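Order of the sequence lines sets the chain letters (A, B, ...), proteins ahead of strands, with each chain counted from 1. Just so you know, these numbers come straight off a predicted model, no measurement behind them.
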Amino acid sequence: MSLFALLPAAGPGPLEVTLHSYLILSALLFAIGFFGVLLRKNTLVIYMCLELMLIASTVALVAFSRFNDTLDGNVFVFFILTIAAAEVAVGLAIIVALFRKRHTVQVEELNALKH
Amino acid sequence: MANFLFYLFAFLTVGCAVLVVVSKNAVNAAMFLLLSLVGVAGLFVLLDAALLAFVLLLVYAGAVVALFLFIVMLLDTTPGSLKPFRKSTLAASAVGLALLLLGVLSLRERTVLVSLPPTDAGPTLRAYAELLFTTYLLPVQLVGFLLLIAMLGVIVLSKKLPAKEDAP
């Protein structure tokens, strides 16, 4: 709450919800997903954080499309959802194949290309 | 009222996203991802995109998170403790956060973002269909091909190939 109060939008009041509020929320969500990808070591959790980043971009798209009175952003979200579903299916298949071969999902132990 | 709902859903989304990152157990992370998606779906409803909220819950909560839980159960990894982060990783994170903050702040300072008043009822299903079948007809077909390729890829990846001798 206080974060949004610190960043007043161009609307009438500081707590009025405008496009800026949604953009800040989207950036925050993206940053959280980004940190998750950087900091976590479990491949499955890294994948979940990738999903968070995709979702953050969809929030920004829908907000732009709503506040500009168009529909193209919403249609783009359809495509993003489809791509995300395909990506998750392929990625999880890769993780399972990797686990079958190496018996671990921790990225620190998957360093065969390093040496 | 709409403002209050925005803050409620925003808090739910961001809080659960943080819990996804910090929870030790992968099952808990998947559950918090589910809650975060519910918050995003609420935000979509506030943005007059109820159809997208429905599709998001259907695709993500119904398929993606279920798939995640299934894989976590299948792999049966031990819930390892959160290891201390490396210095270089923390520095990279700090630089990334600073750049992102700079971008958002410059967006606020340098540009005028117009917020049009909402239309009366929001987009209808017919409007989506008209766009998808006229302007975006080619992308829809490409996405169909992509799904087909992904399906084939998953089948190839998860099939146990017969052990062939390692020819040099």
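For Leu51(B), the part lying under 4.5 angstrom from a heavy atom of chain A is the side chain only. Both the backbone and the side chain of Leu157(B) come within less than 4.5 Å of a heavy atom of chain A. For a residue to count as touching a neighbouring chain, one of its non-hydrogen atoms must lie under 4.5 Å from one of that chain's; by this rule Leu67(B) touches chain A with backbone and side chain alike. At a 4.5 Å heavy-atom cutoff, the contact between Ser93(B) and chain A is made by backbone and side-chain atoms alike. Heavy atoms closer than 4.5 Å to chain B are found in both the backbone and the side chain of Thr58(A). At a 4.5 Å heavy-atom cutoff, the contact between Val18(B) and chain A is made by backbone and side-chain atoms alike. For Val45(A), the part lying under 4.5 angstrom from a heavy atom of chain B is the side chain only. Looking at Ala29(B), the atoms closer than 4.5 Å to chain A (heavy atoms on both sides) sit in the backbone and in the side chain alike. Neither the backbone nor the side chain of Val65(B) comes within less than 4.5 Å of any heavy atom in chain A. Ala97(A) touches chain B through its side chain: at least one heavy atom from C-beta onward sits under 4.5 Å away, while N, CA, C and O do not. Neither the backbone nor the side chain of Phe70(B) comes within contact range of chain A; no heavy atom of the residue lies under 4.5 Å from a heavy atom of that chain. Only the side chain of Leu23(A) comes within contact range of chain B, judged by heavy atoms closer than 4.5 Å.
Residue Tyr136(B) holds its OH atom at 3.5 Å from CG of Asp72(A), rounded to the nearest 0.5 Å. Rounded to the nearest 0.5 Å, atoms CD1 (Ile95(A)) and CG (Leu75(B)) are 8.0 Å apart. Here the OG atom belonging to Ser23(B) is positioned 10.0 Å from the CG atom belonging to Asn42(A), to the nearest 0.5 angstrom. For the atom pair OH (Tyr22(A)) and CG (Leu47(B)), the distance works out to 4.0 Å, reported to the nearest 0.5 Å.
Between Leu81(A) and Val59(B), the shortest heavy-atom contact is O-CG1, 4.4 Å. Phe68(B) approaches Glu51(A) most closely through the heavy-atom pair CE1-CG, 4.1 Å. Across all their heavy atoms, Tyr60(B) and Ala84(A) have their closest contact at OH-CB, 3.0 Å. Of all non-hydrogen atoms in Arg100(A) and Lys159(B), the two that sit nearest each other are NH1-O, 4.3 Å. The minimum heavy-atom distance between Val22(B) and Arg40(A), with the atom names listed, is C-NH1, 4.1 Å. For the pair Ala49(B) and Asn74(A), the tightest heavy-atom approach, listed with the atom from each and the gap, is CB-ND2, 4.0 Å.
Heavy-atom pairs under 4.5 Å with chain A peak, among Leu100(B), Leu52(B), Val143(B), at Leu52(B). When the candidates Ile83(A), Ile55(A), Ile94(A) are compared by the number of heavy-atom contacts under 4.5 Å with chain B, Ile55(A) comes out ahead.
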*Would you sort out whether Leu25(A) and Leu43(B) count as a side-chain contact (heavy atoms from CB on, under 4.5 Å), showing the intermediate values?*
CA-CA 10 Å; Leu25(A) 173 73; Leu43(B) 288 174; 3.2 Å; yes

*So Cys49(A) and Val21(B), side-chain contact (heavy atoms from CB on, under 4.5 Å) or not? Walk me through it.*
CA-CA 7 Å; Cys49(A) 295; Val21(B) 174; 4.0 Å; yes

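Heavy atoms of other residues, nucleotides or ligands lying less than 6.0 angstrom from CE of Met53(A) number more than 12. In this structure, Phe76(A) places its CZ atom where only 12 or fewer heavy-atom neighbours from other residues, nucleotides or ligands lie under 6.0 Å away.
Remark: Phe9(B) pairs with no residue by the ring pair (Phe, Tyr, Trp, His ring centres under 6.0 Å) rule, at least two apart or across chains.
Annotation: side chain of Val96(A) is not in contact with side chain of Ser158(B) (no heavy-atom distance under 4.5 Å). Residues Phe35(A) and Leu97(B) meet the side-chain proximity criterion, which asks for heavy atoms closer than 4.5 Å.
Connection of Val90(A) to Val105(A) is not established within any shared hydrophobic cluster, with ILVMFWY side chains joined at heavy-atom distances below 4.5 Å, either directly or through further cluster members. Hydrophobic clustering, with ILVMFWY side chains joined whenever heavy atoms are under 4.5 angstrom apart, keeps Val45(B) apart from Phe54(B). Linking Ile, Leu, Val, Met, Phe, Trp and Tyr whenever their side-chain heavy atoms come within less than 4.5 Å puts Leu61(A) and Val140(B) in one cluster. The hydrophobic cluster containing Leu5(B) also contains Val59(A), counting ILVMFWY residues as joined when their side-chain heavy atoms lie under 4.5 angstrom apart, directly or transitively.
The six-membered or imidazole ring of Phe78(A) lies near that of Tyr128(B), with a centre-to-centre distance under 6.0 Å.
Along residues 144-152 of chain B, the residues that come nearer than 4.5 angstrom to chain A, judged on non-hydrogen atoms, are Leu146(B), Leu147(B), Ala150(B) in order of number.
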